[in-house]
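In this text, all values refer to a predicted model and were calculated from it rather than measured experimentally.
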Protein chains: 2
Amino acid sequence: MDLKEKWITLLQESGCRITSPRAAIIDTVIDSQRGLEPLELFDLVRKAHPGIGLVTVYRTLDRLESLGLIQRVHQENGCHMVMKAAIGHEHYLLCTRCGKAVLFDGDDLSRLVSRVESNSGYKVNDHWLQLFGLCPACQPSKG
Amino acid sequence: MDLKEKWITLLQESGCRITSPRAAIIDTVIDSQRGLEPLELFDLVRKAHPGIGLVTVYRTLDRLESLGLIQRVHQENGCHMVMKAAIGHEHYLLCTRCGKAVLFDGDDLSRLVSRVESNSGYKVNDHWLQLFGLCPACQPSKG
DNA sequence: GTAACTGCAAACGCTTTGCACCAAG
DNA sequence: CTTGGTGCAAAGCGTTTGCAGTTAC
């Protein structure tokens with residue numbers, strides 16, 4: 001059930017070693033409630049682990065991404081953020097003010113997909129959906 | 001009804017001049033059935049207009065994007081492609097083999113959005129959806 | 001002990017900027 | 001004629017690579 005243990009097991013099974021810079025990166029990504037750019041992640045990790053290099057961040061992100069443990073979060077101007085991966089039919093819903101992200105289930109997209117398939121003649125095999133809005137804390141209070 | 005005329009009018013109304021490199025770029029983007037990266041677009045335009053510079057491509061794309069005439073197409077590894085913009089509730093459906101894109105209407109996403117809003121407490125004000133698949137020409141023929 | 005990982009510095013590639021000249025309106 | 005646009009060259013910036021030393025296992 002512990003996400004960190006799961007990630008570490010998967011990394012080790014794929015021949016990766018768990019070093020202390022790598023553990024610090026994993027902790028930071030898992031603890032983050034929002035998408036992070038590599039440089040942003042680097043700064044966060046450096047607080048707990050001052051000697052770390054940006055290159056290590058990039059290399060660790062590569063491995064996490066190729067294992068499907070993290071995913072890119074796409075933004076209007078560039079798509080450099082990463083975040084712990086959605087599972088199954090889940091998609092991100094991102095707060096445009098504070099960046100906080102939650103996951104929601106997109107199951108009923110299947111109706112839309114079948115309609116589009118018969119209209120277009122395409123065979124759809126992947127989809128990609130993100131919602132943007134304001135999280136409860138960032139909504140203007142009424143009154 | 002002619003898309004090119006519409007773009008040119010909008011560009012002129014916003015204070016832009018229609019130069020011959022710019023016209024060549026517009027032609028190429030409008031004629032393309034697929035998303036194009038800046039460098040790819042540059043090469044295409046250069047065939048018809050050999051003297052053109054890559055910088056002109058970038059600057060023209062900036063203007064087209066800020067007028068909402070083109071949009072970024074997001075891809076797995078980076079989001080550098082642009083394509084003529086979707087209108088209203090339309091979204092892209094991209095062929096993963098040949099890149100050909102068609103637009104489909106995503107109206108009925110509103111049901112999903114209301115469900116997600118009540119589950120999450122977020123106020124959703126934007127969404128972003130792309131489908132990926134095989135276009136009719138790229139599907140393996142049966143037999 | 002071996003192979004993977006690290007940090008540094010340098011290289012890389014896409015994108016942006018500065019500039020002098022050019023051309024649309 | 002005015003002002004925006006052009007192409008070139010150089011700068012900028014995020015990302016990747018080469019390498020010698022280090023560390024997990």
Could you check whether any side-chain N or O of A/Arg97 sits under 3.5 Å from a backbone N or O of A/Leu134, counting only pairs where one atom can act as donor and the other as acceptor?
no

On DNA chain D, does the nearest nucleotide to A/Leu39 precede the nearest nucleotide to A/Val55 from the 5' side, or the other way round? Give the residue.
A/Leu39

Give a yes/no on whether any side-chain N or O of A/His80 is located under 4.0 angstrom from OP1 or OP2 of D/dT15.
yes

In whole angstroms, how far is the P atom of D/dG5 from the NE2 atom of B/His49?
15 Å

Rounded to whole angstroms, how far apart are CG on B/Leu54 and C1' on D/dA10?
14 Å

Whole-Å gap separating C1' (D/dC13) and CD (A/Glu37)
12 Å

Mind listing the N/O atom pairs, protein and nucleotides 19-25 of chain D, below 3.5 Å?
unit_1: D/dA24; atom_1: N3; unit_2: A/Arg17; atom_2: NH1; d: 3.1
unit_1: D/dC25; atom_1: OP1; unit_2: A/Gln12; atom_2: NE2; d: 3.4
unit_1: D/dC25; atom_1: OP1; unit_2: A/Ile18; atom_2: N; d: 3.3

Send over the distance from A/Glu13 CD to C/dA4 P, rounded to a whole Å.
17 Å

Nearest whole Å is fine: how far is D/dG4 P from B/Asp62 CG?
16 Å

dist B/Leu109:CG -> A/Leu131:CG (nearest 0.5 Å) comes out at 7.0 Å

Over all heavy atoms of both residues, which pair between B/Cys16 and B/Arg22 is shortest? Give the atoms and the distance, please.
CB-NH1, 3.7 Å

I'd like to know if the two cysteines, B/Cys95 and B/Cys135, have SG atoms within less than 2.5 Å.
no

Rounding to a whole Å, what distance do you find between A/Tyr58:OH and C/dA11:C1'?
15 Å

Is the shortest side-chain N to carboxylate O distance from B/Arg59 to B/Asp62 below 4.0 Å?
no

Using atom CD1 of B/Ile26 as one end and atom C1' of C/dA24 as the other, report the distance to the nearest whole Å.
14 Å

Which of A/Leu10, A/Leu11, A/Val82 passes side-chain contact (heavy atoms from CB on, under 4.5 Å) with A/Leu64? Answer is A/Leu11

B/Leu61 atom CG is separated from D/dT6 atom P, nearest whole Å, by 12 Å

